[in-house]
Amino acid sequence: MKRNLQSTVIEFIQGDITRAEVDGIVNAANSSLLGGGGVDGAIHRAGGSEILEECKKIRARQGGCPVGEAVITTAGRLPAKYVIHTVGPVWNGGQHEEEAKLHSCYIQSLELADQYELESVAFPNISTGIYGFPKTLAAPIAIRAVKEFLSAHPQTSIKKVQFVCFDKENEEIYRKLLEQDAELLIHHYIEAYNAFDIEGMLSVLHPDVIFRNIVGNEVSVETKGLQAFRALAEKAAALFSTRHQTILELRELNGRIEADIDYTGVLASDLPDGVKAGDTIRLQGRSIFMIRDGKLSLIEDYS
Ligand code: AR6
């Protein structure tokens with residue numbers, strides 16, 4: 001089922017993608033689709049022969065998979081339902097369209113995920129192993145491609161995109177990039193907020209900013225103007241498992257983000273007990289606290 005509102009979370013984790021509990025994992029395959037080393041080998045080993053059998057059928061049909069393109073198979077015994085096999089470029093100095101091809105891997109994989117109505121997709125750091133693509137160049141391409149896709153597909157089924165970093169180096173690179181984005185956004189927002197600059201606040205809610213990863217909190221918006229604010233409120237609604245609420249205020253306090261929420265409609269059944277209009281909700285890490293009469297109480301914990 002497709003959702004009307006874009007509210008996709010982009011996150012990164014360190015780990016082994018074969019264990020990812022998502023609808024689809026992406027494989028950094030080669031054009032033969034017959035398996036190999038690295039993450040490809042790990043996926044085929046853990047998923048079993050069913051994956052290879054389907055790859056062989058695709059080969060018979062279309063003769064492998066060109067660089068920058070993607071195909072989809074079952075995930076066999078893996079926790080995921082599907083494996084999306086994409087073929088990254090071999091790094092060859094950077095003058096052979098390596099960047100465009102890597103970008104295309106992410107876009108085509110997401111297109112397939114969307115076509116199959118997957119809600120969550122995990123990517124490895126394509127091409128940055130055996131294929132030798134510099135990790136510091138590959139990560140921003142990957143993040144940009146995902147954001148571009150989500151911007152262009154506001155109705156997508158995809159609610160979560162996860163970058164699974166196997167090596168420490170990639171994990172550090174992704175952490176820096178995603179945190180920088182979040183910090184920059186908050187910084188601009190707070191500045192505009194302090195200056196009572198409504199236009200400035202809204203301008204922060206830029207179409208490109210589709211993800212939040214503020215130490216684990218997600219708030220995202222997609223358009224300018226009043227609509228952007230509504231989207232922000234809706235996004236918060238998803239996070240808080242409530243419906244029809246308005247954000248009265250969003251601010252940073254000692255490195256934390258606080259939002260004053262006004263509930264104006266029907267609340268979802270799983271809303272934490274006792275929350276009502278005018279309450280202050282504090283997001284901290286992956287926990288949500290309510291502040292009333294100077295007291296802080298934990299109401300939801302996603303960690
Ligand atoms: N989970 C997540 N990421 C992993 C895992 C894992 N289990 N194992 C390795 N990585 P690579 P490439 C990371 O070499 O560069 C194969 O032989 C790894 O740290 O798997 O696109 C194919 O058949 C690195 O960051 O893929 C092709 O011939 C990233 O996955 C060729 O390698 C990609 O490394 C593709 O080379």
Side-chain angles (χ1 to χ4, degrees), residues 10-49 51-56 58-59 63-73 75-80 82-94 96-110 112-113 120-143 145-146 160-178:
I10 302 179
E11 61 181 27
F12 72 96
I13 59 159
Q14 193 185 13
D16 176 353
I17 202 166
T18 62
R19 306 169 88 112
E21 301 210 341
V22 289
D23 291 345
I25 62 167
V26 177
N27 179 19
N30 61 61
S31 291
S32 80
L33 296 177
L34 293 178
V39 69
D40 195 8
I43 288 173
H44 280 280
R45 267 195 309 279
S49 58
I51 301 177
L52 187 60
E53 291 312 311
E54 280 196 23
C55 282
K56 283 182 181 163
I58 295 169
R59 261 174 74 87
C65 180
V67 176
E69 294 187 17
V71 298
I72 189 163
T73 67
R77 293 193 303 259
L78 296 174
Y82 295 95
V83 176
I84 296 170
H85 306 261
T86 188
V87 183
V90 176
W91 180 259
N92 190 14
H96 297 83
E97 297 187 336
E98 290 95 327
E99 299 201 355
K101 286 173 182 162
L102 184 64
H103 182 266
S104 164
C105 286
Y106 285 91
I107 298 288
Q108 293 218 7
S109 299
L110 290 167
L112 264 182
S120 50
V121 187
F123 280 98
N125 309 128
I126 301 164
S127 281
T128 67
I130 295 163
Y131 281 179
F133 205 114
K135 292 172 184 173
T136 48
L137 295 184
I141 294 170
I143 294 171
V146 169
K160 182 166 85 172
V161 176
Q162 195 174 62
F163 292 109
V164 181
C165 303
F166 192 65
D167 53 279
K168 195 85 195 128
E169 208 184 327
N170 263 316
E171 192 212 358
E172 277 306 310
I173 294 167
Y174 275 82
R175 180 192 306 284
K176 278 204 188 101
L177 288 173
L178 292 175

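Note that ligands are numbered from 1 as they come in the structure, with each ligand's atoms numbered from 1 the same way. Side chains are part of it too, since the values below use all heavy atoms of this structure and drop only hydrogens, waters and symmetry mates.
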Which is closest to atom 23 (O) of ligand 1 by heavy-atom distance: Asp40, Thr128, Val164, Asp16?
Asp40
re atom 32 (O) of ligand 1, the protein heavy-atom contact at minimum distance is Ile130 CD1, 3.2 Å
Counting C-beta onward and ignoring hydrogens, is there a side-chain heavy-atom pair between Val39 and Phe166 closer than 4.5 Å?
no
Atom 20 (O) of ligand 1 has as its nearest protein heavy atom Val39 N, 2.7 Å
Show the atoms of ligand 1 that are less than 4.0 angstrom away from any heavy atom in Asn170.
25 (O)
Nearest-neighbour protein heavy atom for atom 21 (O) of ligand 1, which is reported as residue plus atom name and distance:
Ser127 N, 2.8 Å
In the protein, what heavy atom is nearest to atom 2 (C) of ligand 1, and what distance, to one decimal place, separates them?
Ile17 N, 3.5 Å
I'd like to know if Lys101 pairs up with Glu98 as an ion pair, taking the criterion as any Lys NZ or Arg NE/NH1/NH2 lying under 4.0 Å from an Asp or Glu carboxylate oxygen.
no
Can you confirm whether Glu97 is buried at CD, in the sense that more than 12 heavy atoms of other residues, nucleotides or ligands lie under 6.0 Å from that atom?
no
Shortest heavy-atom approach to atom 33 (C) of ligand 1 - which of Asn125, Ile25, Asp167:
Asn125
Between the side chain of Arg59 and the main-chain N/O of Ser32, is any donor-acceptor distance below 3.5 Å?
yes
By number and element, which atoms of ligand 1 are closer than 4.0 Å to a non-hydrogen atom of Gly36?
17 (O), 23 (O)
Sequence neighbours left out, cut at 3.5 Å: what donor-acceptor pairs do the side chains of residues 85-93 make with other protein atoms?
{"from": "His85", "atom 1": "ND1", "to": "Asn27", "atom 2": "ND2", "distance (Å)": "3.2"}
{"from": "His85", "atom 1": "NE2", "to": "Thr73", "atom 2": "OG1", "distance (Å)": "2.9"}
{"from": "Thr86", "atom 1": "OG1", "to": "Glu69", "atom 2": "O", "distance (Å)": "2.8"}

Residue, atom name and distance, where the atom is the protein heavy atom closest to atom 36 (O) of ligand 1:
Tyr131 CG, 3.3 Å
Determine the minimum heavy-atom distance between Lys135 and Glu169, stating which atoms define it.
NZ-OE1, 3.3 Å
Quick test: of every protein heavy atom, which one is nearest to atom 17 (O) of ligand 1, and how far off is it to 0.1 Å?
Gly37 N, 2.7 Å
Over all heavy atoms of both residues, which pair between Gln14 and Asp167 is shortest? Give the atoms and the distance, please.
NE2-C, 4.0 Å
So between Gly129, Gly132, Cys165, Ala46, whose heavy atom ends up nearest atom 34 (O) of ligand 1?
Gly129
Do me a favour and list the nearest non-hydrogen protein atom to atom 26 (O) of ligand 1 with residue, atom name and distance?
Ala28 CB, 3.8 Å
Sub-4.0 Å atoms of ligand 1 with respect to non-hydrogen atoms of Asn30:
22 (C), 23 (O), 27 (C), 28 (O)
Using a 4.5 Å cut-off on heavy atoms from C-beta on, say whether the side chain of Ser109 contacts that of Val121.
no
Shortest protein contact, atom 6 (C) of ligand 1 (heavy atom only):
Phe166 CD1, 3.4 Å
Residues in side-chain contact (heavy atoms from CB on, under 4.5 Å) with Ile130, at least two apart?
none
Any chance CD of Glu172 has more than 12 other-residue heavy atoms, nucleotides or ligands included, within less than 6.0 Å?
yes
Residue Ala42 vicinity, atoms of ligand 1 by number, heavy atom under 4.0 Å
7 (N)
Checking contacts here: is it the side chain or the backbone of Ile43 that comes within 4.0 Å of ligand 1, counting heavy atoms only? Could be both or neither.
neither
